[in-house]
J.: 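Input: one structure, supplied below.
What you see below is based on every heavy atom in this structure, not just the backbone, and it leaves out hydrogens, waters and symmetry mates. Read the numbers this way: they start at 1 and go in the same order the structure lists the ligands and their atoms.
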Amino acid sequence: MSKSRIKYICSNCGYESLRWIGKCPSCESWNSFTEELVEEKKTSKRKFSGEINISKLNSTIHENEERIKTNIAELDRVLGGGLMPGSVVLIGGDPGIGKSTLVMQAAAKINLEVLYVTGEESVNQINLRAKRLNVNSDLAPGETSKISVMTETDLDIILSAIEKHAPEVVIVDSIQTTYKTNFENAPGTITQIRECTAELMQLAKKKHCAIVLIGHVTKDGMIAGPKVLEHIVDTVLQFEGERSYSYRILRAQKNRFGSTNEIGIFEMHDDGLHEVKNPSEIFLSEREKEISGSVVTSSMEGTRPILIEVQALVTPSAYGNPQRVATGFDYRRLSILLAVLEKRANMRLSSQNVFLNIAGGIRIEEPAVDLAVCCAIASSFSNKLAKNDIVVVGEVGLGGEVRSVSNIDKRIQEAAKLGFKKIIIPSNNFKSIKIKNTIEIIPIENLPSAIKNIFS
Ligand code: TYD
Ligand code: MG
């Protein structure tokens, strides 16, 4: 016998409560509790009397566990080399960012049977998109596509379709629209999402197929029910970008089969997403050289160095409270760097508005861009041009000292490759450089000497 009763569940982290509460005690999000019907199973002690399989640790290695290549290099790299059979990947992102487009393009390039399950669009809409993306355009007359499309939201039907057709890759667009009929909760509620994902996960293991789930994002930019899902699935990818830019960035938030440092960069065109193979050229293509407040830095995105323009605009504040706005950069980090500039480089910034922008709509988390941020602010503040053939890297400490950064050789190489003549680096990095003759290297110890070096 099972009885059901109402519980309140946090849609962010899955915390359960018997009454409604405004703020989740577990993840501290507000207004995230939704009323859900929870079936409680009667627990009875049971003893298992069948055969139990336990194996020794190293006897379970499958030497020939081949990854399924999506043949989209940027996607494969973020996945850690391709889709792992038997695993579940969750792709999250804002509506209209291009999730369905990405998975459709991947489906077209995978050389295996793919089942595309959608609860969001009609078959006709899928066909229209496929046509727009030139999927199957090389198909000979009479030849059938290896992509099967199914519009279904009932999980049990989806599961039996996977059992019956045994595709190697399954795409479910989206997990929020799928539901199990034996739960009375509406599709998209935590209970439904959790149950559906868990069952798909089990089937992926059983049938040894790769399942890609598309997940919606809540207003705070989190995948709905993220904590709950993150624990269940093997890999979580975020597809992000600004609507007004055509760039899209794919990041791994969790990856059981690869690193979470890698990013994939795409550009949205009329005929779908194009891979961006040399991001630096694109991020610098619109750079205005004769303008103060613009400094180029080299940021590591995963294993790749990317040259990025940091722009600052410093203006006197007419009102008491100066504004500080950071786009693509951590706001708190900006406040710290402003304090360091004020104290260690004698810049009176407390009465100035400071606007900081990382060009191209990219977001940087790395401390190695600190020095470039400080230099851009110094350049705009003093209204002097920074040399336009120079790249600046270094982490800035609270004492105004410049600290060493990782992967210095790769950063220098990328700067040299794109025709820059000089690079400012932390002096502690200078000893470890292996390539020295490519470009002029200026080792510096502190913030004031870096600022001196960037002006012509
Ligand atoms: P879509 O993949 O439907 O987004 P999601 O599944 O994340 O909601 O992409 C929708 C947007 O992408 C839409 O605004 C139109 C644009 N788009 C293009 O610019 N070019 C294309 O070839 C396609 C298919 C979509
Ligand atoms: Mg979609």
J.: Just wondering, do R194 and I9 contact through their side chains at under 4.5 Å, heavy atoms?
T.: yes
J.: Are the side chain of D76 and the backbone N or O of N71 linked by a donor-acceptor pair below 3.5 Å?
T.: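 Yes; judged by distance alone, with no hydrogens or angles, the pair exists.
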J.: Please verify the inter-ring angle class for H269 with H274; under 30° counts as parallel, over 60° as perpendicular, anything in between as tilted.
T.: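 H269 vs H274 ring planes: parallel.
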J.: Output the set of protein residues with a heavy-atom contact under 4.0 Å to ligand 1, ordered first by chain identifier and then by residue number.
T.: D94, P95, G96, I97, G98, K99, S100, T101, R129, R132, L133, M268, H269, D270, D271, G272
J.: So that I can tick it off, tell me whether E74 and R304 are bridged by a salt bridge, with the cut-off set at under 4.0 angstrom between side-chain N and carboxylate O.
T.: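 Salt bridge: yes.
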J.: Within the structure provided, determine whether E301 and R251 are in side-chain contact (heavy-atom separation under 4.5 Å).
T.: yes
J.: For K421, does its backbone N or O pair with a side-chain atom of D389 as donor and acceptor, under 3.5 Å?
T.: no
J.: Can T118 and D173 be said to form a side-chain hydrogen bond (donor to acceptor under 3.5 Å, both in side chains), step by step?
T.: CA-CA 5 Å; T118 176; D173 189 359; 4.6 Å; no
J.: So does E120 pair up with R129, basic N to acidic O under 4.0 Å?
T.: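 Salt bridge between E120 and R129, a charged N being under 4.0 Å from a carboxylate O: no.
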J.: Would you call E414 and K417 a salt bridge, using N to O less than 4.0 angstrom?
T.: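 A salt bridge is present here (some side-chain N lies under 4.0 Å from a carboxylate O).
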J.: When you check the space around the Mg ion (ligand 2), which protein N, O or S atoms turn up under 2.8 Å?
T.: S100 OG
